[in-house]
Every structure is written in C-alpha cells, then in structure tokens.
Protein chains: 2
Amino acid sequence: MVEQAKHRPGGRTAAVRAAVLRATENLLIDAGLGGIELPTVAVRAGVGTSTVYRRWGSVPALVTDMLHDMAERSVPRADTGSLRGDLRANAALVRRTLSAPREGRLFRAVIAAAASDEATARALAVFYDRRVAEWAECIHDAVVRGEAPERTDAEAVIRQVSAPLYYQFLTTTAPLTSRDATRAADAALAAVAAGVYSPARRRRS
Amino acid sequence: MVEQAKHRPGGRTAAVRAAVLRATENLLIDAGLGGIELPTVAVRAGVGTSTVYRRWGSVPALVTDMLHDMAERSVPRADTGSLRGDLRANAALVRRTLSAPREGRLFRAVIAAAASDEATARALAVFYDRRVAEWAECIHDAVVRGEAPERTDAEAVIRQVSAPLYYQFLTTTAPLTSRDATRAADAALAAVAAGVYSPARRRRS
C-alpha cells in the first residue's frame, strides 16, 4: 500500500483516506464517539484493519483527521463586494450546513463528542479556527473599503455571525430559517458599525 | 412515603426529589445520558429504587424534571434601570454559569445529551424558553423607557446575548472572559438599536 501510494499520489492513498474518514463520520453520527472502534471503521471502509492502525492508530487521531478533512473540503469565503453581502453569505452557508440532514447530524455528533473528550475538543477548535480565519478576510477587505472600523477584531465578527445559528441549533428544536440567517448577519454588522469589535470602542466605553 | 409527603409538603418529598435530581446531574456529568440508570440513581441518591420508578419511571422523565428544577432554581432577571445594564448582567450570569466548574460540566453534558436524544432536546428547549421568557422582560421594560424600538423581538435579543458565549464554550477551548461577556451584551444592544429585532427594520431591508 505504501509503495502504491508513492507511485500514485492522490490515488489509492486518497481513496483509502476518504473511505476511512467517511466511515468515521458515519459511526460518529450513528453511535457517538464511544461507538467508534478502529476495526469497525476498517470493515465499514472496506480496508484492512492494519492500514487503519498504521495510518491513524487511535480514535482521537481519526477524529482529528476527519475534522482536518472537513475543513479542507469547506466552502471558501464569499467575496460579494460588500461586508453585508459577505456576512449574509457566511450566515447562509452556516444555516445550509447545519440544516443539511447528514451534515447537521455530523456537526451535532462532533460537538457532543467535543463536550466529553478533550482531544476532540481541541481538534474541533482547530477546525473552527481554520474556518474563521478563511472568512475573516471578508472583514479585512471591509476595513480597506471603509465599511468597518480600523483594527476590527475580524475573527470575533465571523464567530458572532455563526453564534446565534449554532445556539439555536443546539438549544432549541426550531429549524433554522433564512430569516434567522439574515438576522444573524445583520446583527453582527450592526455591532461592527457600532464599534463593538474595534479598540476605539473600548476606549470610549 | 406518599402519606408522609401529604403531611409534610416540601419536607421529605422535596428532599427525595433534590437527592434524586442531584444524583441524575452527577451521573450525567460523569457518564453521559447513556450512563444513567434508575437503580444507580436510587443508590446514589440514597432512596429506594421503587420510589424512583414510581415518581419518575424513565430516564427521559428524570432528565426533564432535572431541567425543570434547574430552571426553577435559576437567577431571576436583572433590573438595573437600563437595557445595557440588564443585558450586561445577563451576559455576566451566562458567563458565570458556564465557567463554574460543576455547572459548566453539567451544561456541557446536557447539551451533548440533547444532541443525541430527542426527549432531552425538547426538555432543554423548554428550559431555555423559560430562562429566555424570564429575561425578555428586560426588553419589554426597555421599550417602555424608549431604549428599544417598538415591537422588538425580546426573546431573540436575549438569545443573542447568550449565543456568542455558548458558541465559544462549545466550539473553542478558550475560557470565557468578562470582556467576552461585555462584548456579547454590547453587540446585542447595537443590533437592537439598529432595529435588527424590530419589524420596521424588516420593512426597510
């Protein structure tokens, strides 16, 4: 397998990784973190158990790689030309992701896993850090265009857009609507305009 | 036991309920929803198994009663005389709750449980509905004082204050700071002032 991988980069190795991570996702959705065992992942993925042990070795390593893969496959930032447009696109993406049947269940499962397992919590934090950094560029562009105050905390703004959608997703039984998404974006935009995320604000208050 | 309860309301019955719910909380923290069994709850609470079966009968009923009890014991809304003061008090309370060692673990465990179990999800939604309704009065008062637009969606504002704190709590490993709490309140306040939560806004946009 290792030899094959050398000769066909992105071929068999990538296919094995995709199958193993897909099996990990499915087990996490179906049975939670406690239900993941490497031999079961191997069977579900249709690969040898020794491959899974050699390449990942542990459940935390599998889940960490799964979250890396999820970040790699994520949608790039929007670039609509306005901060309102970009934040609304971000909110719409979050809503779409959490509302999609499989992805919604996967996010629920991984957040639940992070609540009880520190390695998963760290990997999940890295996943969100990467997603937030990708979208934070929208704020940097907005500052250049004069749409946001200098030194606006870009990461905090992106997290603020996601926050009400995740909070509703995790603590209510109400489905996320397009109005919820628009409101999440517009609320963050209002806070940016009021200087809540920029240093000048802190001096004034 | 039932006879005793009739003669001493709030006495033995209340003590049994408190012990059983405390045991339920501890099992949820230690072992998650799957780790709760009625006989174990009875042993940990120091009460008879038949009492637990007769009064609660099932794990979902226990968890639902636990969440009712948590709502009953929650801190009443603030009344500082200003919307900013009330929202900051709310944010400070949420931060304090999630940062307290035992309560933080309990909230993590119950949100994780809700992610995998529909009965828990419904009970958790009712818990937050009650907390939100309690604090929504702050917005109604602010409307009367002219601090918020007419017909501001009071519940949405209260949820908006909590959202970034819960989101950070569940998706990062960063501890919640007092600055995070202040910022959560001030961001919600800026969105209220901009009309994000009032109907006039929706007509304009």
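Reminder, nothing fancy here: chain letters follow the sequence lines and each chain counts from 1. Just so it is clear, the structure is predicted and the values come from calculations on it, not from any experiment.
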Please look at B/T171 and chain A and tell me whether the side chain, the backbone, both or neither of the residue comes under 4.5 angstrom of a heavy atom of that chain.
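B/T171 touches chain A through backbone and side-chain heavy atoms alike.
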Can you say whether B/D153 sits under 4.5 Å from chain A via the side chain, the backbone, both, or neither, judging by heavy atoms?
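Side chain only.
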Heavy-atom pairs under 4.5 Å with chain A, option from B/A193, B/S162, B/A174 with the top count
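The candidate making the most pairs under 4.5 Å is B/S162.
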Heavy-atom pair with the smallest gap, counting every atom of B/R145 and B/L83
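It is NH2-N, 3.4 Å.
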Quick one: what part of A/S116 sits under 4.5 Å from any heavy atom of chain B, side chain, backbone, both or neither?
neither
Does some side-chain heavy atom of A/D141 sit less than 4.5 Å from a side-chain heavy atom of A/E147?
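No, side chains not in contact.
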If only atom types and distance count, is the side chain of B/D180 paired as donor or acceptor with the main-chain N or O of B/T177 below 3.5 Å?
yes
Before we go on, tell me: are the rings of A/Y166 and A/Y128 under 6.0 Å apart, centre to centre?
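A/Y166 vs A/Y128: aromatic centres under 6.0 Å.
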